[in-house]
Every structure is written in C-alpha cells, then in structure tokens.
Number of protein chains: 2
Amino acid sequence: MKLREFAKQLGLSPTTVSRALSGYPEVSEATRARVATEAMRLGYRPDINAVRLKTGRAGAIGVMMGRSGEIHFAEFVSGMAQRLETADTDILITPITAHNDDDEIQAYRRLVESRRVDAVIIHSPRPQDPRIEMLNSLGVPFLVHGRSETEHVHAWLDIDNEGAVRRSTEHLLDLGHRRIAMINGLRGKTYSIHREQGFRLAHQERGLTADPNLMVCDKFSDESGFRHARSFLERANAPTAIVAGSTMTALGVYRAVRSLGMTVGQDVSVIAHDDVFPYLTAENMVPSLSTTRSSMRAAGTRCAELALQLIAGRAAEEIHELWPVELILRESTAPPR
Amino acid sequence: MKLREFAKQLGLSPTTVSRALSGYPEVSEATRARVATEAMRLGYRPDINAVRLKTGRAGAIGVMMGRSGEIHFAEFVSGMAQRLETADTDILITPITAHNDDDEIQAYRRLVESRRVDAVIIHSPRPQDPRIEMLNSLGVPFLVHGRSETEHVHAWLDIDNEGAVRRSTEHLLDLGHRRIAMINGLRGKTYSIHREQGFRLAHQERGLTADPNLMVCDKFSDESGFRHARSFLERANAPTAIVAGSTMTALGVYRAVRSLGMTVGQDVSVIAHDDVFPYLTAENMVPSLSTTRSSMRAAGTRCAELALQLIAGRAAEEIHELWPVELILRESTAPPR
DNA sequence: AAGATAATTGAAAACGGTTTCAATTCATTT
DNA sequence: AAATGAATTGAAACCGTTTTCAATTATCTT
C-alpha cells in the first residue's frame, strides 16, 4: 500500500499522513491517533527507500567484518542490535575480503558514496591505520572500536588493554612469578601493542625486564594457545605463568599444561582477558580462570549509541571512551611452586 | 556527485550514462568504456536509495539474529558475505528480540513491507514454525536454514542431522557401548528432533532402545556440556559414551570427564557434531574429538546463493538441499572399558 | 461580531536515479 | 544517392516519499 492510496482511504492528504506518522507537531492529536490506528489496521508502512532518498538518511550503520570468522563479531553485533532496535536503524554487514588496502578502501567508498549507511564502525585498528584518514576524507561519521595513534580526528571507544595486562602481570609478579610468558593478539594491532606495553610496564615498575623470548603474537584461538604454551613450557627455563589473550587462547593453554602432565594453578598459573562469551565462561573452566573482564556485548551496545550520536551531529573529537577492565581472580593463578 | 552533473561533464545524457553503468546492451562499447573510466576518475556512484526506489529492488538480504550470542552466527554470515560481495548485495542484520511471536512477526513485516530486503533467511525452525506461514503470506522470498514440517511451501537448506547422529550412535554401538547419553540442542527445534530420531533409530536397528533418561536438551555451551555430562556420569548406572551437540558442548563434557578422574577415549567415549569454527578445532582437542562435520561457513555461502536464486525468480518448491555430514573418527571414541 | 492570531491541512516541487518511447545517427543495401 | 534497417542516444515520465509554501479552519481578543 502506498501513501497516496492510504491517505485517500483516510480522506486526508499524503502530506498530513506523512506528518502524522513522522511525529511532526503541527498535526492535531485526533488526526494523529486516527492515522496511527489505521496504519496499523491497514498495514501501511512507508517505503524506506523513498524515505531515504528524500531525507538523505540511510537509517543504517555499517560494520566491517573481517574474513576470518571473528569470534567477537557475533557478540558485538548482538550488543549493537540491542541499542538499535528502538532507533529504527539497520545494521549493514560488509565483508572485508580485501587483501590490499586499495580494495578495502573501495569497500568503504561503496558504502558511503552510494549512501548505504549514515555511519561506519571499524574494529581492531593499527596505530597508523589508513582507514581512519580514508573515512575522514569521505566525510562519513565513523567510530573506531579500539584505538589508533593517527593524528586524524576520530571518535573511539576502547578498553584499557594496557591497564588490563599490567594488572594481570602485576598480580602474577606479586604472587612471586618471575618468568612470565604472554600470548598476545595479532601483531601490529594497537590492542596488542598496548597489551605488550602493560606487560613491560608491570615488569619495569618492579625493576624487572620482560623477556622478549616469552612474548608472542598470534590470533585468538584454542589452537594457537596450545601451540605457544607448549613451546614455552618445553623450554629449559620454562615460564611459571602465562598471560593469555583470550579465553579461547586460555583453553589451548590449559590443554598444553595438562598435556605435559602439569596442573594449571599449581605448576603453571594462567590469566587471560575475557570478552564474555555466553558459550564459554571463565568461571566454569577447571580450574576456574582468573581474568581481566570486559563485555564485548556491552561495547557493541555503547558503540551503537555513540554512532547514533555522531549521526545526530555530535563532534567526533569529543567522543573518546576508555573503558576500565575488571580483574577477577580465580583458581588458575597462585604462587609458583 | 549526481548523475545529472556527471553526465553533463561527459557531454552525455543521464540516460546513456545510466545505461552504460548498468550494463545495458544498447550502448556503444566506446561510450561505455569512457563512462566507466570517468566514473572511476571523478568518483561518481549512483545513490543506492534512488536506484532502489526506482527499480523496486532493495539489494539486500535480511538475516535474523537471535538475542543470545549465537555461536554459529559469525561463521554463517561470513560465509554469506563470501558469496554476496560479487553480487552487490548487502547483508542486513535484524535482531530478534521478541519474547512473543507477535513482536517477531512485526520485525519481519518491517523488513519486508518497507522494502528493506529482497529476501530473508531464517534459522533453526521448529516443525510447526509460524514464521514460515508468515513470510509466505508476506510474499517475500525466503530461505529456511534448517527444516520444518509445515505444509507451507518453503525453500530450505539443511544438514542431515538425523543421519549424523544415527551414524555417531551406530559407531558407538558398534564399539560395544550400550549405555549412551545424548546432550542435544534446544528443545523444540527441528534439528534437535531429528538428532533425537537418529539416536533412537541407531538403537532400534540393533534391537535396542534409547534410554530417555540419558537424553537431554539444552543450548550449545561449554557450561551445559559440563553440567549434563557430570550429572550423567555421577549416576549409579552411568553411560560409557556421550553424544554431544557441538564442539563447545564437547569441551564441557571433556571437562566433566576429567573432573571425575576419568579419561575421554578410555573411560568415556565422546563424539560431537562440529560446525567447524576456526578458533576451536576438534582435531586439536586432547584427546582429539571424533565428530560429524559440516561447515557452517559453507552453509552460509550456499544459502546466500540460493537466496539470490529465489530473488531471481526460482521457485521455492524446487529448492530443497539436504547436506550429508562427514563422520570423522579420532581418539575420543573407543570400545568401552 | 469582526479582526487577528494560531492551529491544521493540502498542492506541488523536490530527492536522484531508471526506463519507455521517440529521435537521431550510422552502416548497409539496392 | 536514396531507401532501409540497425545501432545509439536523449527527453520526459515516474518510483514513493518529505517538505516548502500557501490556503484554510479554529480560537482568541476586544
């Protein structure tokens, strides 16, 4: 059903009906109520594409999705959805399939220049991330989930990765551990750099030096956790504690520890960062896993809110949120043997 | 830049430019090439909303996302993206937040009646799923990932859940197990029913009866795997083998087995269904996990393809794909003690 | 009750493309 | 060279809304 037709059935002009449905003030309450009721009854709903064309608003936020099945992705998007369902705003998923930066830039251009989205959210930036300058020059509101060191203005929300790992490492050092390994995230990402910084700082504060041979970067997966932990623990001068990048990594670490006939929380302490996945909880692991915790879902919800604010005109330079991280001690960390 | 302006710069009419870019045959090759080059150079790109309005095609496929962080979701969508990136078709995520069917139906109406999407994909249907009749009556092309028993016509793609569990169970029975437990998926979903059927059939074929006390339904998570396995194994007449719903469930099952001082593959056999997540591989578990395997990402890719075919006009009644499942035996299944 | 003001309503012009139909150009045939 | 048909191009209508501006109706003053 079209507006024309619907308006005629009501004996009103399309103008008035449009105004009534869009909440304009100059329409009488009686009329508005009648229009709303009838729209429901007759099932009239504006063609969103006409609305978008006319208003210039796409009513959608774009999210870039990396090629590799990202474990965080579903939680983040689900969090976004929670905020956006009352905002009549859609979530548009765009795959980043590109192998070179140029292809990636084309993907953004497509989104923005053809007016598919009003704002874009990008993840896991690098310190000098070309995407940020790109989006800036495209003139589209965008939010960075994570941080970058680029001088270009950008709104961002990040968790305190440095503080998180600093605190986990301090905790392990306080327990008496002196050889601590870290299985970090992907090399080059800002969050990995921050985590490494936290790791080093905790050591420095105590006059110690983090051992570069005990630091490694890799993707967050059970398999990489296993492989690296195993390699660490088989060395002559094996670490007595391991800082893992995610609960999934920790899973592999646990496995590696067991596979060598050792016990987590006794022979080796393990602590990890937990993004809070409903299907894998640190508390339930055996032994329960000490973590730094920050909900990925909550980040998604907040990022959606901030993106809406950007669209509404809030300045990017005033949107910088650094979320603290909870330290939760459980059974997997204890003094070294 | 608008079409008018761009066309003027080229000294052509908007008509010709539009045709050149849309690949219509009646435009000379020379002109087409020039238009394409200049579009690239000057950065012209049609406003997608105008195109959508005029052509009536939304250029997007809608995917419903359950509220609870679904572990399968990212992989499925990522698979879809792989197919859709060359089809100039977007993926629209819509949260199903509804607690009652009515809200859910409203969500579909919104998608379809306001022409946001050309097709919809729904997941995990129940045997009598009201969504199917709903989408049918809305007249939108839709694809069901999973199966339903409704008499309403619908296109679907499903894996052979019954066959998968039948084969895993047969395998366990062949090894000599007689008390086998199953930790199934969510109650009421068709896939859970099919799996239960496979479980029962494998028993029946051998003149045995599946024990209803050893069958339970729950969500796929590490935690539920642990809880149920634990409860099974603590019973007087404990099972010697467990069929788990997912690798995540299996993780919990492994944990439960260990927590009771037993060993997977020796005291208890475990087999699970594996949707193939890049961050958690059955092969790497210790002991490596026997599975029935079917790639969720591949399903996403194929569902996207089928959705495009539906949009192109292919009849729903001729789209029914039942995917076989691989049985992969590893170390977690062995004869009972 | 008339005049002024405020509250509602409607007509028509966009928004930026696509597509129908008609006009023009070009190549081919006689 | 004229006639014919094919290949290109363009003018204008239209997709379904929103919004500007003008017109109408209701309410309030005096």
Side-chain angles (χ1 to χ4, degrees), chain A residues 1-36 38-39 42-60 88-90 109-118 311, chain B residues 1-36 38-39 42-60 88 90 109-118:
Chain A
M1 163 127 42
K2 309 173 187 187
L3 175 58
R4 264 228 128 63
E5 190 183 339
F6 175 56
K8 189 174 291 179
Q9 295 213 19
L10 288 181
L12 287 169
S13 73
T15 311
T16 303
V17 172
S18 169
R19 279 198 276 240
L21 291 175
S22 312
Y24 277 58
E26 64 266 60
V27 92
S28 78
E29 267 320 312
T31 311
R32 182 191 310 287
R34 190 162 73 93
V35 171
E38 291 296 284
L42 298 174
Y44 167 72
R45 208 181 289 258
D47 182 317
I48 194 67
N49 301 306
V51 174
R52 287 172 173 169
L53 171 58
K54 183 59 194 178
T55 63
R57 276 172 257 124
D88 198 45
T89 299
D90 296 322
R109 297 195 92 87
R110 186 181 95 98
L111 271 195
V112 174
E113 289 178 352
S114 61
R115 301 197 115 89
R116 291 170 140 86
V117 299
D118 296 317
I311 292 170
Chain B
M1 162 125 43
K2 309 175 186 182
L3 176 57
R4 264 229 128 65
E5 192 183 338
F6 176 56
K8 189 174 291 178
Q9 295 212 18
L10 287 183
L12 288 170
S13 72
T15 311
T16 303
V17 172
S18 168
R19 279 197 278 236
L21 291 175
S22 311
Y24 277 58
E26 65 267 61
V27 92
S28 79
E29 266 321 312
T31 311
R32 182 191 310 288
R34 191 162 73 94
V35 171
E38 291 298 283
L42 299 174
Y44 168 73
R45 209 181 288 259
D47 183 317
I48 194 68
N49 300 305
V51 175
R52 286 171 174 172
L53 170 57
K54 180 59 192 181
T55 63
R57 278 173 254 123
D88 198 45
D90 295 322
R109 298 196 92 88
R110 187 181 94 98
L111 271 195
V112 174
E113 290 179 351
S114 61
R115 302 197 114 90
R116 291 170 140 84
V117 298
D118 297 317

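Each chain gets a letter, A, B and so on, in the order its sequence line appears, and its residues count up from 1. Side chains included, hydrogens not; waters and symmetry mates left out as well; all remaining heavy atoms used.
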Using a cut-off of 4.0 Å on non-hydrogen atoms, how would the nucleic acid contact of B/Leu12 be classed: base, sugar-phosphate, or nothing?
sugar-phosphate
Do we see a donor-acceptor contact under 3.5 Å between the side chains of A/Thr15 and A/Ser18?
no
Measure NZ/A/Lys8 against P/D/dG16 and give the value in whole Å, please.
14 Å
Listed nucleotide nearest any side-chain atom of A/Tyr24, set C/dG17, D/dT19, D/dT17
D/dT19
Report the residue (B/Asn49 or A/Pro25) whose heavy-atom-nearest nucleotide on DNA chain C is the more 5′ of the two.
A/Pro25
May I ask you to say what A/Arg19 touches in the nucleic acid, namely base, sugar-phosphate or nothing, with a heavy-atom cut-off under 4.0 Å?
base
Using atom CD of A/Glu26 as one end and atom P of D/dT24 as the other, report the distance to the nearest whole Å.
18 Å
List the steps, then state whether side chain to side chain contact (heavy atoms under 4.5 Å, CB included) holds for A/Val35 with A/Phe6.
CA-CA 9 Å; A/Val35 171; A/Phe6 175 56; 4.2 Å; yes
Minimum-distance pair of heavy atoms, taken over all atoms of B/Arg19 and B/Arg32:
O-NH1, 4.0 Å
Using atom CG of A/Asp47 as one end and atom C1' of D/dG16 as the other, report the distance to the nearest whole Å.
6 Å
Is the phosphate of D/dT9, meaning OP1 or OP2, less than 4.0 Å from a side-chain N or O of B/Thr31?
yes
Atom CG of A/Leu21 and atom P of D/dG16 are separated, to the nearest Å, by 17 Å
Is B/Lys54 close enough to D/dC14 that one of its side-chain N or O atoms is under 4.0 Å from OP1 or OP2 there?
no
For DNA chain D, whose closest nucleotide is more 5', that of B/Pro14 or that of A/Arg57?
B/Pro14
Does A/Thr16 put a side-chain nitrogen or oxygen below 4.0 Å from OP1 or OP2 of C/dT9?
no
Tell me the interatomic distance from A/Arg45, atom CZ, to D/dG16, atom P, rounded to whole angstroms.
17 Å
Contact under 4.0 Å: A/Ser22 side-chain N or O vs D/dT18 OP1/OP2:
yes
Ignoring hydrogens and angles, answer whether the base of D/dT18 and the side-chain atoms of A/Thr15 contain a donor-acceptor pair closer than 3.5 Å.
no
What's the verdict on salt bridge (Lys or Arg N to Asp or Glu O under 4.0 Å) for B/Glu5 and B/Lys2, showing C-alpha distance, side-chain angles and the deciding distance?
CA-CA 5 Å; B/Glu5 192 183 338; B/Lys2 309 175 186 182; over 6 Å; no
State whether A/Ser18 places a side-chain N or O below 4.0 Å from either non-bridging phosphate oxygen (OP1 or OP2) of D/dT17.
no
Quickly, which of A/Ile48, A/Asp47, A/Asn49 forms a side-chain contact (heavy atoms from CB on, under 4.5 Å) with B/Arg116? Name it, please.
A/Ile48
Answer yes or no: is there an ion pair linking B/Asp88 with B/Arg57, defined by an N-O contact shorter than 4.0 Å?
no
Verify the contact: side-chain N or O of B/Tyr44 to OP1 or OP2 of C/dG16, cut-off strictly under 4.0 Å; return yes or no.
no
Round to a whole Å and report the spacing from CG of B/Leu3 to P of D/dC15.
19 Å
Between B/Ile48 (CD1) and C/dC15 (C1'), how many Å, whole number?
15 Å
Could you state the CG-C1' distance from A/Leu53 to D/dT19, rounded to the nearest angstrom?
13 Å
On DNA chain D, does the nearest nucleotide to B/Ala50 precede the nearest nucleotide to B/Ser28 from the 5' side, or the other way round? Give the residue.
B/Ser28
Think B/Thr55 has a side-chain N or O under 4.0 angstrom from the OP1 or OP2 of C/dT18?
no
